[in-house]
Amino acid sequence: IGYMRGDPGYHRYFAYLNLFMTFMLLLVLGDNLLLMFIGWEGVGLCSYLLIGFWYEDDANCAAGRKAFIMNRIGDFAFLLGIFLCLTHFGTLAMSALTDVNQIQTVAAQTLTIPLLGSVGLVTTIVVLLFIGATGKSAQIPLYVWLPDAMAGPTPVSALIHAATMVTSGVYLCCRLMPLFQAAPAALTLIAGIGACTALLAALIALGQNDIKKVLAYSTVSQLGYMFFAIGVGAFSAAFFHVVTHAFFKALLFLGAGSVIHAMHHQQDMRKMGGLRKQLPFTHLTFLVGTLAIAGVPPLAGFFSKDEILFAGFEQGFLGGSGAAVLFWGISFLTAGLTAFYMIRCVAMTFW
């Protein structure tokens, strides 16, 4: 309320925000894929409206369009996955799609795809649903829209990046856990894309000077962690990280909003420094969020990240999977990079 005070679009902003919450609840509560897809498209619409909220500026409109179009690419694959589910399961109810007996019946079937030849039906469905998730949850190669989602008001960035929209791809995978477990080849692909996204986004975050861009790439990186966890079969760890990340990332974004507000909408960290004297409370809360995302015990991020890294270690070193060892190494390196770029952010802004 304080951030948006005096904005000419004040009422429109809160209308969009409530519409966002409505679609998010629909996505989470839907007990079949079609209802979930309606919520999925709804949050896509609201993100477009909120990212391009200050539409007088062309750059904001471009960012909103970019988010919308990137998500449509993923959603096309998601729709194909829904059609396949309806054709072969005969229903879209979650209870049927997570029924092990029905999944085994469908798993025996194959599809003939041009250039690829004969492919397992369940693997095809899982890969199509995952492509939908890569659009929504900003994984390689559809991650480019998320850093531009910074164009909207900061409270919205906290909502899109932390708790709601971008984690819905992870939510989809966890919700359909038995289906995903029936496609081990697809899980290896998911683990690889997750680990590579985590590393790439962390490396990009090292060079950012815009305080919100650092946090944006950090979100892409943490989402990569969640997909890595799904790929190594640690669905509960992935969802645990969704929950802990929601809290510390929202805290970091609201802290950044407080800094930007105090700096009269200046976002370049090179023009900040020594703000801990002027903003002691923001400095303290931002530091707590930073330590949490860096995985310092006994804060939340330590428990969920450790769980994910342990699951990768277990599958790689103890399970004898060479690919998993590589992906675990990438994730372990990313954890160090996360701590580095977040402390850099705190140092440049507050110290």
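Along the sequence shown, residues carry numbers from 1. Since we're looking at a predicted model, the values are computed, not measured.
- Under the side-chain hydrogen bond (donor to acceptor under 3.5 Å, both in side chains) criterion, the residue pairs touching residues 77-97 are H88-Q109, with sequence neighbours excluded.
- Under the 4.5 Å side-chain heavy-atom criterion for Ile, Leu, Val, Met, Phe, Trp and Tyr, I38 and F20 are members of the same hydrophobic cluster.
- In the hydrophobic clustering of this structure, L25 does not group with M36; members are Ile, Leu, Val, Met, Phe, Trp, Tyr whose side-chain heavy atoms approach within less than 4.5 Å, directly or through other members.
- With ring centers used as reference points, F180 lies 6.0 Å or more from F130.
- Here the side chain of Y225 pairs no donor or acceptor atom with the backbone of T334 at under 3.5 angstrom.
- Looking at S137, its side chain never comes within 3.5 Å of a backbone N or O of T134 through a donor-acceptor pair.
- Taking the side chain as every heavy atom from C-beta outward, Q181 and F235 approach each other to under 4.5 Å.
- Checked against a 6.0 Å centroid threshold, the rings of Y13 and F53 count as neighbours.
- Taking the side chain as every heavy atom from C-beta outward, T219 and F253 approach each other to under 4.5 Å.
- In this structure the side chain of M21 never reaches within 4.5 angstrom of the side chain of L17, judged on heavy atoms.
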In residues 190-206, what donor-acceptor pairs under 3.5 Å come from side-chain atoms, sequence neighbours left out?
from: T197; atom 1: OG1; to: Q139; atom 2: OE1; distance (Å): 3.4
from: T197; atom 1: OG1; to: I140; atom 2: N; distance (Å): 3.2
from: T197; atom 1: OG1; to: I193; atom 2: O; distance (Å): 2.7

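- Checked against side-chain contact (heavy atoms from CB on, under 4.5 Å), S236 has no partners two or more places apart in sequence or in another chain.
- Listed for the S221 side chain is no donor-acceptor partner under 3.5 Å among the backbone atoms of Y217.
- Shown here for N32 and L35, the closest heavy-atom pair between the two residues is OD1-N, 2.8 Å.
- Counting heavy atoms from C-beta outward, S218 and I293 have side chains that approach closer than 4.5 Å.
- Under the 4.5 Å side-chain heavy-atom criterion for ILVMFWY residues, no single connected hydrophobic cluster contains both V346 and L251.
- We find that E41 and K136 are not joined by a salt bridge, their nearest charged nitrogen and carboxylate oxygen being 4.0 Å or further apart.
- Just one of I125, V126, L97 meets the side chain to side chain contact (heavy atoms under 4.5 Å, CB included) condition when paired with L176; it is L97.
- Residues F68 and I51 fail the side-chain proximity criterion, which asks for heavy atoms closer than 4.5 Å.
- Of the N and O atoms on the side chains of K305 and T244, not one donor lies less than 3.5 Å from an acceptor on the other residue.
- With contacts defined as side-chain heavy-atom distances shorter than 4.5 Å, the pair V232/F327 does not qualify.
- By the 30° and 60° cut-offs, the orientation of the rings of Y171 relative to F239 is tilted.
- Partners of F14 by ring pair (Phe, Tyr, Trp, His ring centres under 6.0 Å), not counting sequence neighbours, listed by chain and number: Y10.
- Annotation: ring pair (Phe, Tyr, Trp, His ring centres under 6.0 Å) contacts involving residues 183-212, sequence neighbours excluded, are absent.
- Residues C345 and I211 have side chains in contact (heavy-atom distance under 4.5 Å, counting atoms from C-beta outward).
- For the pair I230 and M177, the minimum side-chain heavy-atom distance is 4.5 Å or more.
- Partners of F332 under the ring pair (Phe, Tyr, Trp, His ring centres under 6.0 Å) rule, at least two apart in sequence or in another chain, are W328.
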